[in-house]
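Small disclaimer: the values here were computed from a predicted structure and weren't measured. Residue numbers begin at 1 in each chain, while the letters A, B, ... track the order of the sequences.
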Amino acid sequence: MVRHLRKRGHFPASSPEEAGLLRRIPQSCAHLWREVPDMSGLAYTLHIQHNMEYNFRDIEARWQKTWAEEGTYHVSEKTDKPKFYVLNMFPYPSGAGLHVGHPLGYIASDIYARYKRLKGFNVLNPMGYDAYGLPAEQYAIQTGQHPEKTTNENIARYRQQLDKIGFCFDWNREVRTCDPGYYKWTQWAFQKMFDSYFCRQEQKAQPISQLIAHFEAHGTEGVDSACSEELCFTAEEWKAMDEQQRYDVLMNYRIAYLGETMVNWCPALGTVLANDEVSEGLSIRGGYPVEQKKMRQWCLRVSAYSQRLLDGLDHIDWSDSIKETQRNWIGRSEGAEMQFRIKGTNETFTIFTTRADTIFGVTFMVLAPESELVQRLTTDAQRAEVEEYVKYVKGRTERERMIDHRVTGVFTGSYAVNPFTGADVPVWVSEYVLAGYGTGAIMAVPAHDSRDYAFARHFGLPVVPLIEGADVSENSFDAKEGIVQNSPAEGVETLAGFSLNGLSVKEAIARTKQFVTEQGIGRVKVNYRLRDAIFSRQRYWGEPFPVYYKQGRAVMVPEECLPLLLPEVEKFEPTATGEPPLGNAKCWAWDESKRCVVDKTLVDDVNVFPLELSTMPGFAGSSAYYLRYMDSKNDEALVSPEANAYWKNVDLYVGGSEHATGHLIYSRFWDKFLFDLGVTCMDEPFQKLVNQGMIQGRSNFVYRVKGTNTYVTLSKKSGYDVTPIHVDVNMVSNDVLDIERFKAWRPEYNDAEFILEDDGRYVCGWAVEKMSKSMFNVVNPDDIVVKYGADTLRLYEMFLGPVEQSKPWDTNGIDGCFRFLRKAWSLFWEKDGENLIVEDSEPTRESLKTLHKLIKKVGEDIEVFSYNTSIPAFMVAVSELQQQKCRSRAILEQFVVLMAPFTPHFSEELWHAMGHTTSVCDAQWPEVCEEYLKEDSVTLGVQFNGKVRFSMDFPADATPEQMRELAESAPEARKHLDGMQVVKVVAVPRRIVNFVVKPGPKN
RNA sequence: GCGCUUGUGGCGAAAUUGGUAGACGCGCUAGACUUAGGAUCUAGUGUCUUGCGACGUAGGGGUUCGAGUCCCCUCAAGCGCACCA
């Protein structure tokens, strides 16, 4: 009957939507079409129906509906069970929809969440949307559509797609960063940061009121706080300050502050970007040039937390590589600050060095061109030259400076005095010294620093080696090793007779630091590369700052008035005056007496004041969302103390490693700040982190644009009608296709046309790249779900390889997973596919062994996220149970539970079919019984001189002596032992027997 | 340049952490059942060799009774940082 239908092509789709998807299959599964070119889409699905006692479509739709209706996945903290918090990095709902790469991490965490629930934990597994962001706004500018509209549409689509995969998300707790009920707390946290400063002694944030009290009593005496600039004043001076001066002083300490800083300005995007949003002088989004510009911006004093961010890494379970990336990004370096006097004056300036030991090799000093010291130190004679040089440097873009490391610089005319020897050292200006790091000035030791070396050679400055055996004729000797000499050189008098000669470099560094401190020349100092985060964006689609400006000074909107809603605007582009899009908002001023937003024409600077026009960056909303999930409906607090005390922090966080220096730093910073405030009880937000690999898209055909090195995917070039081809990687070397081999492999392409380049090479192949709309290579999970079902998709994505690994998407092999599920299904049913086979019989010992092997393996694998190895274990178990003709309920029921984390619909269906009335989610994970795993005998290899010659069975409990005897007496052993002398025998129970032999009489 | 990671069949990958290399899946080959196969089942499938056997985990060396696994060197790829003193 089915065959008949198939031939006629009359199988109905179950809904219009499904019919649409069925029709789409051909485009997305080119390889299947190639194999059966004359087939229609409907006929193909019929082929699946034909073999389908396992009716996944019906099963999955039914259970998804039931789960939603019954609230199977809703969790509450009102329970005695221990908690477990699983979290995925929430997605940005882009217009392209979900692709097969997204679910990889979601599936991995879903399996873990379900497993933990079966193990008796109360599992929180929420989901939400990182809904603010640039693409929605760009789209709004182009089409005039409100970003909220497109964002909501995209979210609806994401939700639909997610629902089809059968995740155990508690949607009651959904958050969206653009939802006022959510961003109220983003704004709230910002205000708390404004009202706090960071005390270095206590290494924590404190209310700014404490600092004010301290200033009133003692001035800056005894203040050790993170700040933009070290200040020094007395209590009297503080009291004498006017409002503006005090405002400026406090701004210097606030954790959220307005700062005049060099920022990454992207003219094309019309906004400022954070360091992690820029790569090689180009914006990550869009790849537009980014320039350095001094602007007044809101900043977060992330750098204050450098040490805590660093120390915290030792207590969390993240991969070494991502910890290392964060350590690099934080960039702690221990060194010393030293003061140098300028010859002929009483002026001094400070430098930072990690190689204090090389003080005797200093032959010049260098200032950063942007440093204010340049003005002070340049002599009149050199002024013209220096000014011209500074102008030249300003004209170079960040990108140019990065790519092209030129050796340039000029002499300032001044000399510094070496505090150890009194020697004169010329002071230069050069672009290789960065204003933003250390003090913006260095002491140059060309013998032991390659950059100083290049500079010295270029300008003919002396090179003085200080380490025994160091050859500096060609290169500097940068290694921090060896024995110090020439420090000082013979006959040179030094301050207090100081000498480092004969010490190791390590000792010399320590010695110098100590000396510098004792003599008051300088101090030990730790520098961090981590910069404060610039927090303003000149965009529309983001959280508005709850800030207005009174006499030019920032004032916070009262906390009770939050959230400050994002205003409506007519145009999303920046205004003609260069103001951010919020400059277009009519109703965007704060009335202090009415305590509400009013029309900006009412601004009178008495009661009504202008509101901030910037919005917050993407990372604002994603920094504390994990806390909000704990208590997402709470209007009184970001999270209640009770909810926080129960859920604590995220036990397992799953997401991409590309967030290593962005979200994962900001989130940790934000959490630590909230920890200081007492809002959260945990100092780290994410205890364990698993970075799922990217599933890359595969461009079917790649060709080189003539005369360039640019490769373009075929689909990008319109009107070029060539069949997309998957090419095996070993058919391609240096991007050139071996056309003969290719045609031999795929004869159907004998007639295909290949693009021939000018140089006679065929350029072809596939490129593996990010799956994205712009690459036209998005594989939609819906297509897979329609064809094979969610459970097969889940299984297959996990079977593909280790979760952490990136891999190209490839549907070869998905059939294997589907077949496996059908085979597993058939374990439970009579041949007719209608009657359950399961009976209450006593399980055989063999089946018990199969089951318990499986329990052990799968349990161990899930704990370490090795899902790709547990699936083969299921396959083996199914084959064994099939062979054993197992019908025992005791075995099959537990098998269903073991499968449940991987294939929830499949398991739920069978669980109920076997008579259960509650969800398989609430079953109990079976315990391994070692008793059943015991083997009577083990098959081991027998080696001669380390080479396995044969294998044989040994009793499991054989002693080494017995093993030796058994192996020796085996018939296969004779030919390896005859005429040989046994030198030694190594027999390890349950492992190996190895005879070490050499020619000679048998002994 | 510095740091981290990886390198195993035609392909995706396993390997009890030093003990029978290639589990499992894909692909391929042969066979069975079939009007048919794109279904299902059975057998085979690292390379070389008619065979015995030899070789085989990027390459080279070492430790060991025994190395994919540990140590040293080289090469290749990926990621991160990069004029950070």
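Using modelled atom types, one finds a donor on one side chain and an acceptor on the other under 3.5 Å when comparing A:S333 with A:Y437.
A:E324 has its CD atom 11 Å from the C1' atom of B:C2, to the nearest Å. Here the P atom of nucleotide B:U17 and the CZ atom of A:R990 are 12 Å apart, to the nearest Å. Atom pair A:D320:CG and B:G78:P shows a separation of 22 Å (rounding to whole Å applied). Taking atom CG on A:D861 and atom P on B:U16, their separation rounds to 11 Å, with Å as the unit. Following rounding to the nearest Å, A:I442 (CD1) and B:A85 (P) show an atom-to-atom distance of 11 Å. Between the C1' atom of B:C52 and the CD atom of A:E972 lies a distance of 16 Å, rounded to the nearest Å. Summarising the geometry, the separation between CG on A:D815 and P on B:G37 is reported as 18 Å, rounded to the nearest angstrom. A:Y796 places its OH atom 10 Å from the P atom of B:A13, with the value rounded to the nearest Å.
Annotation: of the two residues near RNA chain B, A:G801 and A:D452, the 5′-most nearest-nucleotide partner is A:G801. Judged by closest nucleotide on RNA chain B, A:S951 is the one of A:T354 and A:S951 placed further toward the 5' end.
Contacts of A:Q943 with the nucleic acid, taken as non-hydrogen atoms under 4.0 Å apart, include base atoms. Within the nucleic acid shown, A:L434 comes within 4.0 Å of at least one base atom, counting heavy atoms only. Residue contacts for A:V988: at a heavy-atom cut-off of 4.0 Å it reaches a base atom on one of the strands shown.
Applying the ring pair (Phe, Tyr, Trp, His ring centres under 6.0 Å) test between A:Y788 and each of A:Y54, A:F818, A:F820 identifies A:F818 as the sole match.
Remark: A:R819 is in phosphate contact with B:U40, judged by side-chain N or O atoms under 4.0 Å from OP1 or OP2. Distances shorter than 4.0 Å separate some side-chain N or O of A:N868 from OP1 or OP2 on B:A14. Remark: A:Q326 is not in phosphate contact with B:C81, judged by side-chain N or O atoms under 4.0 Å from OP1 or OP2. Contact annotation: A:R327 side-chain N/O to B:C81 OP1/OP2 distance is not under 4.0 Å. Contact annotation: A:S333 reaches the phosphate of B:A85 (side-chain N/O to OP1 or OP2, under 4.0 Å). Distances shown here put a side-chain N or O of A:Y437 below 4.0 Å from the OP1 or OP2 atom of B:A85. Taking only side-chain nitrogens and oxygens, A:R949 comes nearer than 4.0 Å to OP1 or OP2 of B:A54.
In this structure, B:G3 forms a base pair with B:C79, meeting either the Watson-Crick or the G-U wobble geometry with both donor-acceptor distances under 3.5 Å. Nucleotide B:U42 forms a Watson-Crick or G-U wobble pair with B:A30, both donor-acceptor distances falling under 3.5 Å.
Using modelled atom types, no side-chain atom of A:S476 and backbone atom of A:D478 make a donor-acceptor pair closer than 3.5 Å. In this structure, the side chain of A:Y389 engages the main chain of A:E431 through a donor-acceptor pair within 3.5 Å.
Taking 3.5 Å as the limit, the base of B:C65 and the side chain of A:N994 contain a donor-acceptor pair of atoms between them.
Base orientation for B:U63: anti, the chi torsion being more than 90° from 0. Glycosidic conformation, B:G9: syn, with the torsion inside 90° of 0.
In this structure, A:F799 has its ring center at least 6.0 angstrom away from the ring center of A:Y796.
By the 30° and 60° cut-offs, the orientation of the rings of A:H976 relative to A:F944 is parallel.
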